[in-house]
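Step one of this worksheet: look at the structure below.
Bear in mind that the values here come from a model prediction, so they are computed numbers and not experimental data. Both ligands and their constituent atoms are indexed starting at 1 by order of listing.
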Amino acid sequence: MKAAPHWWKETIFYEIFLRSFKDSDGNGTGDLRGILEKLDYLKDLGVGALWITPFYPSPLHDAGYDVADYDDVHPEFGTLGDFRELVAEAHKRDLKIILDLVLNHTSEEHPWFRESRRAKDDPKRDYYIWRPGKDGKEPNNWMSLVGGSAWEYDEATGEYYLHLFSKHQPDLNWNHPMVKQGTFDMVRRWLERGADGFRLDVINLLMKPPGLPDGVYREGSGKIDGRYVLDYPLYANNPGMHELLHELRRDVLEPYGAATVGEVHFTPASEAWKYVDPRRRELDMIVQVDILFDRTGPKFVKDRVKEWFLAFQGRGWNTMALGNHDTPRMLSTLGNDGPWRTLSAKALAAHILTSPGTPFLYQGDELGMTNVAFGSMDDYRDIEMRRFYEQLVRQGKPPEEAFAWLRPRSRDNARTPMQWTAEGNAGFTAGTPWIGVNPNFREINAAAQARDPDSILAFYRRLIAFRKANPALIHGSFYPLMEDDERVVAYRRLWEGRGFLILINYSDQVSPLEAGLVGKGRLLIGNYPDLPQECAARLRPWEARILALE
Ligand code: NOJ
């Protein structure tokens, strides 16, 4: 059956961080057959597309975002046969499979790079970006996005290669025709194997600025506090970027009707729409990473949602996500993971699932999973956290302080195993998990919530079904309200005479409503069991209300 052309507007995406989702064979690592076991859980939740983080053979320095072979499955994660079975079983349930494509860089173990680094005149030398040093130093002053120089000196040929991420992830040279052709062919093969679309990793960094000029330093704009970091926008949206995505779409994706969502960095909404304007035929959607990486609070989120909605209006489709595998848990940063855990998890769900744009949910958020606080650096696995730690210590921060600062910010907060049950290892694995399980699994787990009609999980199911049944929430226009309020997020969604009013209190305190909103609408869904008359003029802590406007 051919899918509706714009199915990705009407469905809800769910991100599976594969390593931590479900282990089927006891090796401590989540795998493709683990997803197979949980397809019915996902179907019951109501999501329609599964974005699976990279499962390709990889030394796993960066959780699989360092790909050594784009055409196979890492033995820890399964086999190509498992992939085929997963696609078939997912399709039987009307679930789409979205693969994560890492095109900016490969692993240093990829055969292309092994050959490229052999000799200056190797036929694959220019598949990557090699430069001689300048005055005995790196070719330019670029910093990697995970700290330190973006250049690595390679003994074999006495030159440096570029890596915008870790040194294990050399950047490809997208000006080389064979890089393009080889990659396009590889993408076609995944489409032949049944992939329905792709999430494109750091997609707007592929083209580099001509001449690789030095960057300008400015203060305190990176992920680590108060230091001088490079002006990263230099890496983004360089000449040829839009043309390349257009070609990929025209020559590879469109014939299969594949959907795309690109991860776009360092790009304001006023520029980003160009990637998703249907007339330009590039991407279908992009992830708005500024919302994900800034956790200063609801005002920032609501300002960005409005900005992105206005910038894209009439030109492209939005997305909405408050968490993923690169950020600490949304509940611990935007919500309240203490006394208001259940209510605030539901409030965040209401925000994601009633906003304009396709919602992207992150595994475990539907259970109200929280940050973790492991005891020492040895318990953490993420390369980014390790690099930042080394850097802070090198800069003179006492190790305990560096650790204390990084702990709540670590990506590992969102990468602990999915909490399925109250049994050992949260029902994630029969073996030893590759990263520790959050000790709160006995209280927070899917099995307990599946039995409880008031659980966070039950609320997600209800909201997902509600969104799917109400085109006003999908296609409707969006009118922000109470825009200056620091705690309340409020908006209207309207479509063909039907409308909703959404009110969310992002705080532990009672928050008054604007006079004009008091008494408006009929309550349809709320995270408190009732709405007594005296509450109409104010929102209780973390209260979320979805009201029908007649
Ligand atoms: C973005 C991915 O989401 C992140 O996890 C990864 O480290 C970088 N891209 C590099 O591939």
Among all protein heavy atoms, pick the one closest to [atom] and tell me residue, atom and distance.
atom: atom 7 (O) of ligand 1; value: D62 OD2, 2.6 Å
atom: atom 3 (O) of ligand 1; value: D326 OD2, 2.5 Å
atom: atom 11 (O) of ligand 1; value: D201 OD2, 2.7 Å

Next item on the list: Assess the side chains of R295 and T333: does a donor N or O sit below 3.5 Å from an acceptor N or O?
Entry: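 Yes, because at least one side-chain N or O of R295 sits under 3.5 Å from a partner of the opposite role on T333.
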
Note to self: Assess, by modelled atom type and distance only, whether the side chains of W317 and T358 contain a donor and an acceptor separated by less than 3.5 Å.
What the structure shows: yes

Next item on the list: Would you list the pairs meeting salt bridge (charged side-chain N to carboxylate O under 4.0 Å, His left out) in which at least one residue belongs to residues 8-22, sequence neighbours left out?
Entry: K22-E37

Item checked: Selection residues 355-379 - residue pairs positive for salt bridge (charged side-chain N to carboxylate O under 4.0 Å, His left out), sequence neighbours left out ->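 Qualifying pairs: R329-D365.
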
Next item on the list: Please confirm whether R415 comes under 4.0 Å of ligand 1, counting heavy atoms of the residue only.
Entry: yes

Notebook entry, point to check: Below 4.0 Å from any atom of ligand 1, is there a heavy atom belonging to R199?
Noted result: yes

Atoms in ligand 1 with a heavy atom of [X] nearer than 4.0 Å:
X: H105; value: 10 (C), 11 (O)
X: V202; value: 9 (N)
X: E263; value: 1 (C), 3 (O), 9 (N)
X: R411; value: 4 (C), 5 (O), 6 (C), 7 (O)

Next item on the list: Please step through side chain to side chain donor-acceptor pair (under 3.5 Å) for the pair N440 and Q419, ending with a clear verdict.
Entry: CA-CA 9 Å; N440 63 19; Q419 292 165 206; 3.2 Å; yes

Checklist line | salt bridge (charged side-chain N to carboxylate O under 4.0 Å, His left out) assessment of R387 paired with E384 | finding: CA-CA 5 Å; R387 293 284 313 235; E384 182 190 273; over 6 Å; no

Checklist line | ligand 1 versus E384: contacting region, heavy-atom distance under 4.0 Å | finding: neither

Next item on the list: Could you label the plane-to-plane angle of the Y65 and H325 rings as parallel, tilted or perpendicular, counting under 30° as parallel and over 60° as perpendicular?
Entry: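 It falls in the parallel class, under 30°.
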
